There are 2 protein chains.
Amino acid sequence: MQLSTPPGLQAIPSTCRGREVLDRVGDKWSLQVIAVLGERTLRFGQLRREIDGISQRMLTVTLRNLERDGVLTRKMYPVMPPRVDYALTPLGKTLLEAAGAFMTWAEAHVEQIDEARSAYDAKAESQAEQA
Amino acid sequence: MQLSTPPGLQAIPSTCRGREVLDRVGDKWSLQVIAVLGERTLRFGQLRREIDGISQRMLTVTLRNLERDGVLTRKMYPVMPPRVDYALTPLGKTLLEAAGAFMTWAEAHVEQIDEARSAYDAKAESQAEQA
DNA sequence: CGGGATCCCGTAGGATACTG
DNA sequence: CAGTATCCTACGGGATCCCG
């Protein structure tokens, strides 16, 4: 499946190793973690409080995966009580920018999507009552 | 959680209605459907054949969702055998471009991520055998 | 051909409890 | 504080069969 990019349209490279990346970063929490770490280095508990609704389990899992992918670093201080700092790597920062551009698109069009959704649902409903 | 965009880093707008969009388009098949439709209008069966591994069920639900969101149009011809054409809307084309930029980033860095992963796993393994 | 209806399963991810 | 360990459920998504 080779894409012959039509004029004016950027193709999604469909060798699609890119999907693997999306599988990793497209989950429920990764982008939000990356977003808040884009601001500054944070500790575990700070992340937990900044990211609304995340469980400590999912925060741990998400952080481990992103660390494994080289997106962020984990720095542990052997003190009591324990302290761990998380920060984006250079790779993570480029990811933030790339994803940010997409999320900006999403923000810009979410309203338009809502309208399309309402219109679709209204039409579907009016057709349902004909039965 | 308001983001004060640090210098040089594009923030992910964390009002994060954008997550809803990602929830929709970040699933297993949506981007691939959008990608192949970026080339040209296609019929159901053509889509099915172009997108490797998709089941007809998932193709149907994916198409319905994207139609509902105003990303693509569904045109039915009342003939026998049935014929249905799918095409991107203008909204869908802007989505393709935004997502394409992100996927391009993913393609560009997937190798770097693989390396990070290998390094991480190797280190984790060497630490495991110390126990 | 282009689906809808069912059945079924794996897994992402939430809640809770315990630990160094 | 920053996790790890279990348990449990909802749901994404595959396989299969049927229908206009």
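The chains referred to below are lettered A, B, ... by the order of the sequence lines, with proteins before strands, and numbering in each begins at 1. Note that the structure is a prediction, hence the values are computed from the model and not measured.
- Between the NZ atom of A:K75 and the C1' atom of D:dA2 there is a distance of 17 Å, given to the nearest Å.
- Among the heavy atoms of the strands, none lies under 4.0 Å from B:Y77.
- Between B:Y86 and C:dG3, a side-chain N or O to OP1/OP2 separation shorter than 4.0 Å is present.
- Protein atom CD of B:Q46 is 8 Å distant from nucleotide atom P of C:dG2, rounded to whole Å.
- Ion pairing between A:R19 and A:D23 holds under the 4.0 Å rule for side-chain N and carboxylate O.
- Side-chain atoms of B:Q46 come within 3.5 Å of backbone atoms of B:R43 as a donor-acceptor pair (strictly under, hydrogens ignored).
- At least one side-chain heavy atom of A:D69 sits less than 4.5 Å from a side-chain heavy atom of B:R117.
- The CD-C1' distance, from B:E67 to C:dG3, rounds to 13 Å in whole Å.
- For A:F44 and C:dT19, the CZ to P distance is 18 Å, given to the nearest whole Å.
- Considering only side-chain atoms of A:R74, the nucleotide from C:dG13, D:dG3, D:dT16 that sits closest is D:dG3.
- Using modelled atom types, no side-chain atom of B:S30 and backbone atom of B:G26 make a donor-acceptor pair closer than 3.5 Å.
- One can place CE of B:M76 at 13 Å from C1' of C:dG4, the figure rounded to the nearest angstrom.
- Comparing A:T60 and A:P82 against DNA chain D, the residue whose closest nucleotide sits nearer the 5' end is A:P82.
- When the P atom of D:dA2 is taken as reference, atom CD1 of A:I54 falls 14 Å away, rounded to whole Å.
- Between D:dT4 and A:R64, a contact under 4.0 Å exists linking OP1 or OP2 to a side-chain N or O.
- Between A:Y86 and the choices A:L37, A:L59, A:L66, A:T73, the side chain to side chain contact (heavy atoms under 4.5 Å, CB included) rule is met once, by A:L37.
- For the pair A:G45 and B:K28, nearest-nucleotide mapping onto DNA chain D gives the more 5' position to A:G45.
- If you take CG of A:L59 and C1' of D:dA5, they are 17 Å apart, rounded to a whole angstrom.
- Each of B:P81 and B:R57 lies near DNA chain C, and the nucleotide nearest B:P81 is the one positioned closer to the 5' end.
- Protein atom CD of A:E50 is 13 Å distant from nucleotide atom P of D:dA2, rounded to whole Å.
- Each of A:S55 and B:Q56 was matched to the nucleotide of DNA chain C holding its nearest heavy atom; the match closer to the 5' end belongs to B:Q56.
- Using a 4.0 Å heavy-atom criterion, one finds that B:R43 contacts the sugar-phosphate atoms exclusively.
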